[in-house]
J.: 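Structure incoming, see below.
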Amino acid sequence: MLRNVKRFVIGKPLKTLEASDQALSKSKALALLSSDALSSVAYGTESITAVLLAGGAVALWLQLPIALLILLLLAAIVLSYRQIIHAYPNGGGAYTVASKNWGPKVGLVAGGSLLVDYMLTVAVSASAAADAMTAAIPGLLPFAVPLSLGIILILTGLNLRGLRESANFLMVPVYFFIVIMAVTVGYGLFQAATGAIAYHAAAKIGTDFSALSLIFFLRAFSSGSSSLTGVEAISNAVPNFKAPKEKHAATTLTMMALILASFFLGITFLSYWYGIVPNSHSTVLSQIAAITYGGHGLGFYLVQLATTLILAVAANTGFSAFPVLAVNLAKDKYLPHLFMDQGDRLGYSNGILSLSFGAMILTVIFHRSTDALIPLYAVGVFVPFTLSQSGMIIHWWRLKPKFWWGKAAINFLGAFMSAALVIVLFATRLAHVWPYLIIMPAVLTIFFKIKKHYDAVSKQLRLQYLDQKEQKRQEYAGSTAIVLVSNLTQVTAEAIDYAQSVATKVVAMHVSFDINPAKEEKIAKQFAANFPDVRYVDVHSSYRSIVKPVVGFVTKVSHQSEKINHSVTVIISQFVPKKPWQNILHNQSSLRLRAALSAMDNISISTYYYHLSE
């Protein structure tokens, strides 16, 4: 049954050779990897104006120079990541660049920041989409968290089906949003240019006011810079593109940046021209739509629908980038190797499921305070931006290709602005970003512990050669098999027959209780009659436990076997029912025994499976 459900949810398995069919074209990659960045136009301008409003409506004209400054930062970041795509085409983005140029520890700061940030991306986007739904249908407000979790589960199932299918699905909401926003911004600018909508700005550009200060300006700038989250996702996912991968990835990044810049600047200008003031009842974007289309008509509701859809699918950027980044960290032994395993649909399903689980936990904890997470979200992006772009300066300095100084200058600009933003966020939003100072050391500690374990295992498993001769290995004189016996049944008899075929010495071990002494005596007599050449040992337990007596007996046999140079194998019998659900009808003591015995040295555990026909 579970197999059928799995097939229904994610589809039939794909052959390894079909991996090339899952590669992304530019149009599909734009839908799959740019939804997070494009969705930020729904709240980027509002983030700026919400801060500026603290200085009064007269301060709202500052949204224009701030928007231009953000676009300058966007240009520097995009040009830098285009260079990263060509220089490091195997993906990994900021993690790879920082590791290669600054060293592994700095690279882990970038990688760890992005891993956590992608979880925040999914949680924040799903919560924002649920909030948009509850705003449209207030009756759904009590179900905001379940709606968020539902969105995450849908995207999880979608991504488990593979890149191609998830991209096909996401093309609809993403391109619908692009079309609606292009029409809205274009129509709004046309009406402003022709005078159809009069100039209603709260204050003219350059108007002075008492609250204006550098800190005030930088606080608004840092809030608006949240619009740049998700820009790095394409550089992390270069391996998912069709060949030539680097060219297609760089082109897609440029397309995304041009669309994002056009929408962000257009919406910010219309916000200023219309004299829109943020309020708790209506978003800046919905106010722009209402004014542009002359009320709450079809155009207005199409904008609302497109915004809700893009916010819902924005979480998918995390699903696309997180697994690939996790693969790169796992290759370097900083994450479990299971993240490198591809699922039935050739996607990195363990990464997808881990991201989904983490995002759902964050959603439950922080759903009602997603706005407070935005600064933390931004720090998680701009720290890797800073490290990757400064790392590229080192890259160009080391290689010194043609015009390397010009490329390094672009990286320096991006690194400087990104670092400045991180400093501003900590200086002005410490109450929101302080968890980063706890989360990152914890994440780095986990990375180092995983790496230490893998290095120790590698050293232990590596074959040693002395004087060009193979190392000396253990040569056993024989083998001892311990068969665990509960009752004398057909499965017990077959397990003992198997043990006699593979072991030099066979011992049957039974744990008896105080409940029915006569039954225990009967089992011993029956065993002696059927297997006279096999030693039978009855270990008594007064506390109805079988694990402790078994471990104690196996330990004694192991010590004795060392003296005669025997290997020791414990054989545990286990029923295999005809139907999976029937497992719950049988005692699963074999699972507890295997768990306990697996912690012992120099012991092998063998399971004798007995398949039931009914």
Side-chain angles (χ1 to χ4, degrees), residues 24-44 118 121-137 140 144 147-186 227 229-231 233-234 237 240 252-253 255-260 262-264 266-267 283 285-286 288-289 293 298-322 347 352 355-356 359 363 370:
L24 299 173
S25 63
K26 293 189 291 292
S27 58
K28 290 183 178 180
L30 184 65
L32 195 66
L33 299 169
S34 67
S35 54
D36 180 27
L38 294 181
S39 70
S40 63
V41 303
Y43 56 79
Y118 288 138
T121 296
V122 175
V124 170
S125 298
S127 296
D131 288 343
M133 293 180 194
T134 56
I137 309 175
L140 294 176
L147 282 172
S148 301
L149 299 179
I151 291 169
I152 294 173
L153 288 174
I154 290 171
L155 290 174
T156 301
L158 192 62
N159 281 274
L160 289 173
R161 293 186 68 89
L163 285 173
R164 186 173 60 185
E165 288 203 34
S166 57
N168 288 338
F169 175 84
L170 291 171
M171 287 179 73
V172 176
V174 172
Y175 283 107
F176 176 66
F177 177 79
I178 290 174
V179 171
I180 293 299
M181 290 310 302
V183 172
T184 302
V185 171
S227 301
T229 55
V231 172
I234 291 176
N240 292 331
T252 304
L253 177 60
M255 292 166 55
M256 179 194 70
L258 290 174
I259 295 170
L260 173 59
S262 301
F263 289 170
F264 178 65
I267 289 170
T283 65
L285 186 56
S286 64
I288 289 174
Y293 293 110
L298 178 61
F300 171 82
Y301 286 109
L302 286 176
V303 170
Q304 295 298 94
L305 175 61
T307 303
T308 302
L309 290 175
I310 196 68
L311 287 171
V313 302
N316 201 77
T317 296
F319 281 103
S320 302
F322 181 99
I352 293 169
L355 173 65
S356 176
T363 299
T370 51

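Positions are given from 1 along the sequence. The model shown is predicted, which means the values in this text are computed figures rather than measured ones.
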J.: Taking the side chain as C-beta and beyond, is there a heavy-atom pair between F319 and S356 under 4.5 Å?
T.: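 Yes; the side chains approach each other to less than 4.5 Å.
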J.: Can you give me the closest heavy-atom contact between A130 and S148, atom names plus distance?
T.: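 The pair with the smallest heavy-atom distance is CB-OG, 3.2 Å.
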J.: Do V122 and L355 make a side-chain contact, defined as non-hydrogen atoms from C-beta onward lying under 4.5 Å apart?
T.: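 They are in side-chain contact.
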J.: Can you sort out the partners of T307 under side-chain hydrogen bond (donor to acceptor under 3.5 Å, both in side chains), two or more places apart, ordered by chain and number?
T.: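 For T307 there are no side-chain hydrogen bond (donor to acceptor under 3.5 Å, both in side chains) partners, ignoring immediate neighbours.
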J.: Who pairs with S125 by side-chain hydrogen bond (donor to acceptor under 3.5 Å, both in side chains), at least two apart in sequence or on another chain?
T.: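 Testing S125 for side-chain hydrogen bond (donor to acceptor under 3.5 Å, both in side chains), a comparison that skips the adjacent residues, returns none.
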J.: Enter the distance from S34:OG to F177:CZ here, rounded to the nearest 0.5 Å.
T.: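 Here the interatomic distance stands at 10.0 Å.
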J.: Which residues pass the ring-ring contact (aromatic ring centres under 6.0 Å, His included) test with F169, sequence neighbours left out?
T.: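 Once residues adjacent in sequence are excluded, F169 has no partner under the ring-ring contact (aromatic ring centres under 6.0 Å, His included) criterion.
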J.: Atom CD1 of I267 and atom OG1 of T184: how far apart are they, to the nearest 0.5 Å?
T.: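 One finds 8.5 Å between CD1 of I267 and OG1 of T184.
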J.: Could you measure the distance from the CD1 atom of I151 to the OG1 atom of T363? Nearest 0.5 Å is fine.
T.: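 Taking CD1 in I151 and OG1 in T363, the distance rounds to 9.5 Å.
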J.: Find the distance between CD1 (I352) and CG (L160) and round it off to the nearest 0.5 Å.
T.: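 One gets 5.0 Å once the value is rounded to the nearest 0.5 Å.
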J.: Does some side-chain heavy atom of V231 sit less than 4.5 Å from a side-chain heavy atom of M256?
T.: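 Of all side-chain heavy-atom pairs linking V231 with M256, at least one is under 4.5 Å.
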J.: With side chains defined as the heavy atoms from C-beta onward, is the minimum distance between I178 and Y175 less than 4.5 Å?
T.: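 Yes, side chains in contact.
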J.: Side-chain donor-acceptor contacts of residues 310-318 below 3.5 Å, not counting sequence neighbours, with atom names and distances?
T.:
from: N316; atom 1: OD1; to: N159; atom 2: ND2; distance (Å): 2.6
from: N316; atom 1: ND2; to: S320; atom 2: OG; distance (Å): 3.4
from: T317; atom 1: OG1; to: S35; atom 2: OG; distance (Å): 3.2
from: T317; atom 1: OG1; to: D36; atom 2: N; distance (Å): 3.0

J.: With sequence neighbours excluded, tell me which residues meet side-chain contact (heavy atoms from CB on, under 4.5 Å) with T283.
T.: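 Checked T283 against side-chain contact (heavy atoms from CB on, under 4.5 Å); matches are E46, L285, S286.
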J.: Drop me the distance from Q304's CD to L309's CG, to the nearest 0.5 angstrom.
T.: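 Going from the CD atom of Q304 to the CG atom of L309 covers 11.5 Å.
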J.: T308: what forms a side-chain hydrogen bond (donor to acceptor under 3.5 Å, both in side chains) with it, not counting sequence neighbours?
T.: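 T308: no side-chain hydrogen bond (donor to acceptor under 3.5 Å, both in side chains) contacts found.
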J.: Just how far is it from atom CG of L30 to atom CG of L24, taken to the nearest 0.5 Å?
T.: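 Reported value, rounded in 0.5 Å steps: 11.0 Å.
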J.: Restricting to non-hydrogen atoms, name the atom on Y118 and the atom on A233 that form the minimum distance, rounded to 0.1 Å.
T.: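 Closest pair (atom of Y118, atom of A233, distance): OH-CA, 4.1 Å.
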J.: Spell out, as yes or no, whether a donor-acceptor pair under 3.5 Å connects the side chain of T156 to the backbone of I152.
T.: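 Judged by distance alone, yes, a pair lies under 3.5 Å.
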J.: Just so I know, are the side chains of L302 and Y293 near enough to count as touching, which here means a heavy-atom distance under 4.5 Å?
T.: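 With C-beta onward as the side chain, the pair stays apart.
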J.: What I'd like to find out is whether the side chain of S40 reaches to under 4.5 Å of the side chain of L260, using heavy atoms alone.
T.: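 Yes, their side chains come closer than 4.5 Å.
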J.: Nearest heavy-atom pair of M171 and S27: which atoms, and what distance?
T.: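 Looks like CE-OG, 4.2 Å.
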